[in-house]
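Report on one structure; see the data block that follows.
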Amino acid sequence: MEAKVSQRIQNMATSSTFVMAAKAAEMKAAGVDVISLSLGEPDFNTPDHIKAAAVQAINDNFSKYGPVPGFPELRKAIAGKLKKENGLDYAPEQIIVSTGGKQALCNTIMAIVDNADEVILPTPCWVSYTEMVKLAGGVPVFVPCGIENSFKMTAQQLRAAITPKTRALLLCSPSNPSGSVYSAEELQALADVLKDYPQIMVISDEIYEHINYVGRHNSIAQCEGMKERTVIVNGVSKAYAMTGWRIGWIAAEPWVAKACNKLQGQYTSCTCTIAMKAAQAAYDGPQDCIETMRAAFQRRRDLVVSLAREIPGFEVNVPDGAFYLFPKIDSLFGRKYTDAEGCEHVIGNSDDLAMYLLQYAHVAAVAGAAFFSPECIRFSYATSEDKLVEAFRRVKEAVENLK
Ligand code: PMP
Ligand code: GLU
């Protein structure tokens, strides 16, 4: 039988974050001392009170299907969080709980994007946005945002990218991969442009909300007239160190929530009931774990910024949130190295640099090309300070060895 994969999947890129993480894991399994700064996930364990709630849920036999959009108490807890932390009023019916922020995003895109609709993506942006938009038949429209404006999109850039086919703007703040955080004023300037285009929705990916070094998280949904046009995507993965539990959610207008619920009902049903009980404990329980982890990430941010600034050819922007460093490294393009067989190689692009660092520094990073900013490279600093010091020492040495 012909092994014929659908065009839809053929047209899809493989997730580069997971590709690099798998390569690093393979080398580690073969005995190489690789430091992986590729996959972005907190290195902390899930707090004990959250784990205890999951054990309790198992013992209480939460082993059957739950409601497709999530347990009512969890949706209520999330609505409570939005009111308390963000000053936003949502009814529990406007919250849909899904299998990670990833499914929450994908549901949303499938629910609002039609064939040939354009979705504006300020780049650099996270690897999966484009593929989700393409899956829905939509067209990603890139707006390149450079290091000179901390990788953020200006109101003028947004206006210039809008066409009659624009259906949505996908914003991520704090951003993966740049770590940039939009201020309230910057969000207001974008909202002011959108006032002229009522057909455009905003998908606001706020999964890194709590990993913020400027003291305050702002959502575009807080700008006047924007809440009704915005879908907030968030979850427990990053804030509570729960990436493997797979709980994310949206907060949106009832028509969007209903559409996501319909899709989810056919596609995956409810997400894991045990994980939902754990997530509820995360929202209802003590919140000091968030600050403990955030403070640790901020110390590491300060450390990696100072270490990376010592590397010749690295232009470093100070990230205001998330746990990624995204230096501009294109001044290294054209530099050379010689392999063990005496063959000369040129660093032609960010993929070449990522592969060189993996092979010669045993440090895994993700090429900026994966995030549509090929002049950069991404290092996740969600790992111990000891490992970060050693990783950046190796990267510096490898870069200095380039001819
Ligand atoms: N958005 C961004 C920007 C992310 O980095 C991630 C993490 N992979 C997600 C969404 C999805 O998070 P989750 O692990 O909850 O699916
Ligand atoms: N958010 C993480 C990253 O960008 C996890 C991997 C993924 O979901 O792509 O590395």
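Remember, it's a predicted structure, so these values are computed and weren't measured experimentally.
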**Complete:** Test ring-ring contact (aromatic ring centres under 6.0 Å, His included), reference Phe151, set Phe372, Phe326, Tyr324, Tyr182, output is Phe326
**Item:** Distance-only side-chain donor-acceptor flag, Thr338 / Lys403, under 3.5 Å
**Value:** yes
**Item:** Ile232 CD1 to Ile95 CD1 distance, which is reported to the nearest 0.5 Å
**Value:** 8.5 Å
**Message:** Quick check with a 6.0 Å cut-off and a 45 degree axis cone: is Lys227 positioned over the face of Tyr90's six-membered ring?
**Reply:** yes
**Message:** Determine whether Cys376 and Lys328 satisfy the following criterion, side chain to side chain contact (heavy atoms under 4.5 Å, CB included), listing intermediate values before the conclusion.
**Reply:** CA-CA 4 Å; Cys376 296; Lys328 184 166 182 279; 4.2 Å; yes
**Request:** Mind checking ring pair (Phe, Tyr, Trp, His ring centres under 6.0 Å) for Trp126 and listing every partner two or more places apart, or none if nothing turns up?
**Result:** Tyr129
**Message:** Is it true that, when you exclude Lys258 itself, more than 12 heavy atoms of the residues, nucleotides or ligands shown sit nearer than 6.0 Å to its NZ?
**Reply:** no
**Request:** On the 0 to 90° scale, with breaks at 30° and 60°, tag the Phe297-Phe323 ring pair as parallel, tilted or perpendicular.
**Result:** tilted
**Request:** Assess whether salt bridge (Lys or Arg N to Asp or Glu O under 4.0 Å) is satisfied between Glu291 and Arg294, documenting all intermediate values.
**Result:** CA-CA 5 Å; Glu291 177 51 24; Arg294 192 207 64 79; 2.8 Å; yes
**Request:** List the steps and the verdict of side-chain hydrogen bond (donor to acceptor under 3.5 Å, both in side chains) for Ser98 and Asn107.
**Result:** CA-CA 9 Å; Ser98 300; Asn107 280 348; 3.3 Å; yes
**Trace of the ring pair (Phe, Tyr, Trp, His ring centres under 6.0 Å) decision for Tyr381 with Phe392** = CA-CA 10 Å; Tyr381 55 85; Phe392 281 88; 8.9 Å; no
**Message:** I'd like to know whether the aromatic ring centres of Tyr240 and Tyr283 sit less than 6.0 Å apart in this structure.
**Reply:** yes
**Message:** Are there over 12 heavy-atom neighbours, none belonging to Lys387, within less than 6.0 Å of that residue's NZ?
**Reply:** no
**Prompt:** Are any of the side-chain heavy atoms of Lys396 and Glu400 separated by less than 4.5 Å?
**Reply:** yes
**Prompt:** Given side chains that start at C-beta, do those of Pro140 and Val119 come closer than 4.5 Å, heavy atoms only?
**Reply:** no
**Request:** Give the intermediate values and the outcome of salt bridge (Lys or Arg N to Asp or Glu O under 4.0 Å) for residues Arg299 and Asp302.
**Result:** CA-CA 5 Å; Arg299 283 195 299 276; Asp302 294 344; over 6 Å; no
**Request:** Answer yes or no: is there a side-chain heavy-atom contact under 4.5 Å between His362 and Met27?
**Result:** yes
**Prompt:** Is the shortest heavy-atom distance from the side chain of Val127 to the side chain of Phe371 under 4.5 Å?
**Reply:** yes
**Message:** Using side-chain heavy atoms (C-beta onward) and a distance below 4.5 Å, is Asn212 in contact with Val181?
**Reply:** yes
**Asked** Which of parallel (below 30°), tilted (30 to 60°) and perpendicular (above 60°) describes Tyr356 and Tyr337?
**Response** tilted
